Asks: 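Right, I'll just put the structure down here and ask away after.
Since we're looking at a predicted model, the values are computed, not measured.
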Amino acid sequence: MTQNSPPLVLPPGLSRATATLSEKDWRRLDDAVTRLHTVNANLWNAEDRVRDARLTAVQVADCKREIDQLNAERNALAERADEVLGTLADEGRADAPLHTETLASVVDRLSVLTLRIWHNERISARDELARRRVPALLQQREEMSAALDTLVADVICGRKRLPAPARYKLYGCDDFEVPDIKPSRHLGRVIAFGGLSECGKSTSAEFVRQTCGAQRLKIGFLLRQAAHRQGLADPYALSARRQAEMLLGELNRFADAHVDTRLFTIESVHDNASITELKQLMGDKLQIVYLDAAFAVRVARSGMPAQAVAAKDEIKMSRGAHQVAAVADHVMDNSGSVAALRARLLRIAAPAGPGALRIATAYGLGLSAPVAAATSDFVDALRANGPAVQLVALTGSPGEGTWIAGWSDLDLLVVAEHDVTDRITEALERYRAALGDAAALGLTLVTPGELTARRLTPRLAFSLYQLQQGQPVLHYAPDLELPSITQDELALAAVRELPQVMLTMRRLRTDACPETLRQLYKHLVLACRLLLREHNQWENGPDRILTAASRLPELPGLSVPPLAEISAAWRDGRSEQALGAVIPAVDQLLTWYAVQLAA
């Protein structure tokens, strides 16, 4: 049913009969009949428009195409309704008289009659002929409803048979077949942004583009492109279903030409009818986001007078843009903080999923016995907090199998709700006391909300990636959800992280002394890891990383002793000797880096 048409009321006998259907069949029937009535209303309006003498020849042609499309939809929906209504018939009476039309055909005529009554009633105050028609039309509807109920009763008890429901409409060519429009296999997820003026649609779409690599598209652009291909002057004059098919066709075309793009945004959703049809065509591949904000907030953001914003709102509301909220998958209040909005957008654009991680004990990570025992006690203490603590892991060298007593730190990652921070702090103090001088401890404490909202530092993202690639964790909750981290994301993150690492390494180089050996060596390895990541090379372990980095274009081979020798020199008090081997490699890398950026 459109905004400007009456509802279709089915007669009581038919309503009682359809109530006996299964829930699935009843929903199919309700959807088909509702859409059939809507199409009839749109068809009435299109036939009125085509009679307007002010239309150009191109506009008349467009209108005729719309009428053809609506008629095709009308017949398809009637056939769909008959598929369900036909199950009411008693198939045991093959000798019963054959009725001249199907049940859906009568429902279709009842729909048209309902519209005819409504249109005549609207103009009856100024049109005497219309006023005199109304009583006769009402009588026709009463008689048609009674006849339909009688037919339903006869069909159910086997006194009447129904003809085959297929209509075999061709619409202009002998081999015409209405295409079954489906999303292309290359079309990933699509987020459609709707809302009134200045609600933040474009800003939100741009944020998703920047953070998730989405391709931004405008609905108006897609419709104009489709109309140009098909020789249409005004795609907005077409039915909602046809607009949705044209939108999907253009999305498919774009996705097929850009197969590496898996996320699209479309804006701005201009009416509720066409986006509802697009949702039926795309299912969960399409997520509809309606952005809401108070009028005063939108005026303040726009920099325009309130009257100008109100005028834009009125145009959008006349098309049904405000009703998109009722069919949206997500309705967001954009009157609050930007942080809250962006967190919700990221959960939609890059949803987290169940974590399928590998569990190990602290004793299986190559730690010394005292460190393993202290770590195991710490994990038990955190596990006692129940579901509030969702993940505990040692990242870095323990996960990579390169931990060295007296040299390596313990990089601890804990995912826990904010309200148990005090208890984690207490457990951490006991952990540090148990470790003593055996190992330095570094903690990353993050909430589940920060993870699912993808508020991640580059290093945290890399740690999560390693866990998802099979590095072990010490504990994780069954309902843990983790953002999926891709190599492409890490490569982009490396571009942002590398400058800080290089600046820190240059500072450490100027202050080089035996006490800074460990920091200088670790920054050398980290810088090489990030550079390799930019070249799509993925290595674990310091020795392998430095060897691979020596093969970077135009970088002289980095001659660094194995980690075992560096760490032994550190523990044995021979740091100055090891520093003499590390500094030349640092100088080589810093010189190479400066040349690359000056080229």
Side-chain angles (χ1 to χ4, degrees), residues 395-397 400 402-404 406-413 437 439-445 456-463 466 490-535 537 539-599:
T395 61
S397 56
E400 295 177 357
T402 59
W403 188 83
I404 299 175
W407 170 267
S408 301
D409 294 334
L410 290 176
D411 296 321
L412 182 66
L413 171 61
D437 295 331
L441 184 64
L443 171 68
T444 298
L445 179 59
L456 313 173
T457 64
R459 294 194 187 189
L460 176 55
F462 182 61
S463 295
Q466 289 186 306
L490 294 179
L492 290 173
V495 176
R496 297 191 294 270
E497 188 180 11
L498 183 61
Q500 181 60 54
V501 173
M502 299 300 289
L503 289 173
T504 303
M505 187 166 64
R506 189 175 288 112
R507 175 179 58 78
L508 290 169
R509 171 64 182 90
T510 60
D511 296 331
C513 62
E515 289 73 21
T516 61
L517 167 65
R518 205 163 65 103
Q519 281 185 291
L520 190 60
Y521 176 83
K522 290 189 173 184
H523 276 77
L524 172 64
V525 172
L526 178 56
C528 288
R529 188 198 288 269
L530 295 174
L531 285 167
L532 289 171
R533 207 181 294 172
E534 288 193 50
H535 287 78
Q537 297 181 46
E539 293 288 354
N540 289 326
D543 293 337
R544 293 172 61 91
I545 289 171
L546 292 174
T547 299
S550 296
R551 296 191 290 268
L552 289 173
E554 302 176 14
L555 176 63
L558 301 176
S559 180
V560 184
L563 173 59
E565 292 182 20
I566 299 288
S567 60
W570 168 267
R571 291 194 306 270
D572 297 343
R574 295 180 288 109
S575 297
E576 189 166 351
Q577 175 186 343
L579 187 65
V582 171
I583 284 179
V586 171
D587 288 341
Q588 280 181 304
L589 185 63
L590 288 172
T591 301
W592 175 86
Y593 185 68
V595 171
Q596 302 307 303
L597 300 190

Asks: Between T402 and D543, is there a side-chain heavy-atom distance shorter than 4.5 Å?
Replies: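 A side-chain contact is absent here, since even the closest heavy-atom pair is not under 4.5 Å.
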Asks: Looking only at non-hydrogen atoms, find the nearest pair between E497 and P458 and report the distance.
Replies: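 Nearest heavy atoms, E497 then P458: OE1-CB, 3.4 Å.
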Asks: For the residue pair A564 and S567, what are the closest heavy atoms and their distance?
Replies: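 Result for this residue pair: O-OG, 3.1 Å.
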Asks: When rounded to the nearest 0.5 angstrom, what distance separates CE in M505 from CG in L590?
Replies: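 It is 4.0 Å, given to the nearest 0.5 Å.
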Asks: Would you say the side chain of W592 lies within less than 4.5 Å of the side chain of L531, judging by non-hydrogen atoms?
Replies: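 With C-beta onward as the side chain, the pair touches.
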Asks: Find out whether M502 and H523 are in side-chain contact, i.e. whether some heavy atom of one side chain is under 4.5 Å from a heavy atom of the other.
Replies: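 No; the side chains remain at least 4.5 Å from each other.
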Asks: Would you give the length of the straight line joining atom CZ of R518 to atom CG of L508, rounded to the nearest 0.5 angstrom?
Replies: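 Interatomic distance, R518 CZ to L508 CG, rounded to 0.5 Å: 12.0 Å.
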Asks: With a cut-off of 6.0 Å (strictly less than), are more than 12 heavy atoms of other residues, nucleotides or ligands near CZ of R571?
Replies: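 Yes, CZ of R571 has more than 12 neighbouring heavy atoms, counting only those of other groups under 6.0 Å.
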Asks: Got a second to check how far T444's OG1 is from L456's CG, nearest 0.5 Å?
Replies: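 These two atoms lie 11.5 Å from each other.
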Asks: Do you know the tightest heavy-atom contact between A512 and L579?
Replies: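 In this case the closest contact between A512 and L579 is C-CD2, 4.2 Å.
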Asks: Would D409 and W403 count as a side-chain contact (heavy atoms from CB on, under 4.5 Å) here? Give the steps.
Replies: CA-CA 8 Å; D409 294 334; W403 188 83; over 6 Å; no
Asks: I want to check something: taking the side chain as every heavy atom from C-beta on, are L503 and R507 in contact at a cut-off of under 4.5 Å?
Replies: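 Result no, sub-4.5 Å side-chain heavy-atom pair not found.
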Asks: For A585 versus L524, what's the shortest heavy-atom pair and its separation?
Replies: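 Looking at all heavy atoms of both residues, the closest pair is CB-CD2, 4.0 Å.
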Asks: For S397, does its backbone N or O pair with a side-chain atom of S408 as donor and acceptor, under 3.5 Å?
Replies: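 Absent.
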Asks: Do L546 and Y521 come close enough that some side-chain heavy atom pair is under 4.5 Å?
Replies: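 A side-chain contact exists here, since the closest heavy-atom pair is under 4.5 Å.
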Asks: How long is the straight-line distance from CD of Q577 back to CD1 of I566, given to the nearest 0.5 Å?
Replies: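 Reported to 0.5 Å precision, the distance equals 9.0 Å.
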Asks: Could you check whether D511 pairs with R506 (Lys NZ or Arg NE/NH1/NH2 to Asp/Glu carboxylate O, under 4.0 Å)?
Replies: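 Here D511 does not pair with R506 in a salt bridge, since their nearest N and O are not under 4.0 Å apart.
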Asks: Determine the sole option in V560, L555, L589, V501 for which the side-chain contact (heavy atoms from CB on, under 4.5 Å) test with C528 is passed.
Replies: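 Running side-chain contact (heavy atoms from CB on, under 4.5 Å) over V560, L555, L589, V501 with C528 returns exactly one hit, L589.
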Asks: One thing to verify: whether E534 and R496 come together as a salt bridge, which I'm taking to mean a side-chain N less than 4.0 angstrom from a carboxylate O.
Replies: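 No salt bridge links R496 with E534.
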Asks: Tell me the closest heavy-atom pair linking S559 and Q588, and the distance in Å.
Replies: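 Of all heavy-atom pairs spanning S559 and Q588, the closest is N-OE1, 4.3 Å.
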Asks: Using a 3.5 Å distance criterion without hydrogens, assess whether the side chain of T457 forms a donor-acceptor pair with backbone atoms of L460.
Replies: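 Judged by distance alone, yes, a pair lies under 3.5 Å.
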Asks: How close do W570 and S575 get, heavy atom to heavy atom, and via which atoms?
Replies: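 Closest pair (atom of W570, atom of S575, distance): CE3-OG, 3.5 Å.
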Asks: Can you list the steps and then say if L552 with L532 is a side-chain contact (heavy atoms from CB on, under 4.5 Å)?
Replies: CA-CA 8 Å; L552 289 173; L532 289 171; 4.1 Å; yes
Asks: Is any NZ, NE, NH1 or NH2 atom of the basic residue among D411 and R459 found under 4.0 Å from an Asp or Glu carboxylate oxygen of the other?
Replies: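 Result for this pair is no, no salt bridge flagged.
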Asks: Measure the CZ-CD distance between R529 and Q537 for me, rounded to the nearest 0.5 Å.
Replies: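 Rounded to the nearest 0.5 Å, the CZ-CD separation comes out at 13.0 Å.
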Asks: Enter the distance from C513:SG to E576:CD here, rounded to the nearest 0.5 Å.
Replies: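 Between C513 SG and E576 CD, I get 10.0 Å after rounding to 0.5 Å.
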Asks: For V525, which of L563, I545, L530 qualifies under side-chain contact (heavy atoms from CB on, under 4.5 Å)?
Replies: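 Passing option: I545.
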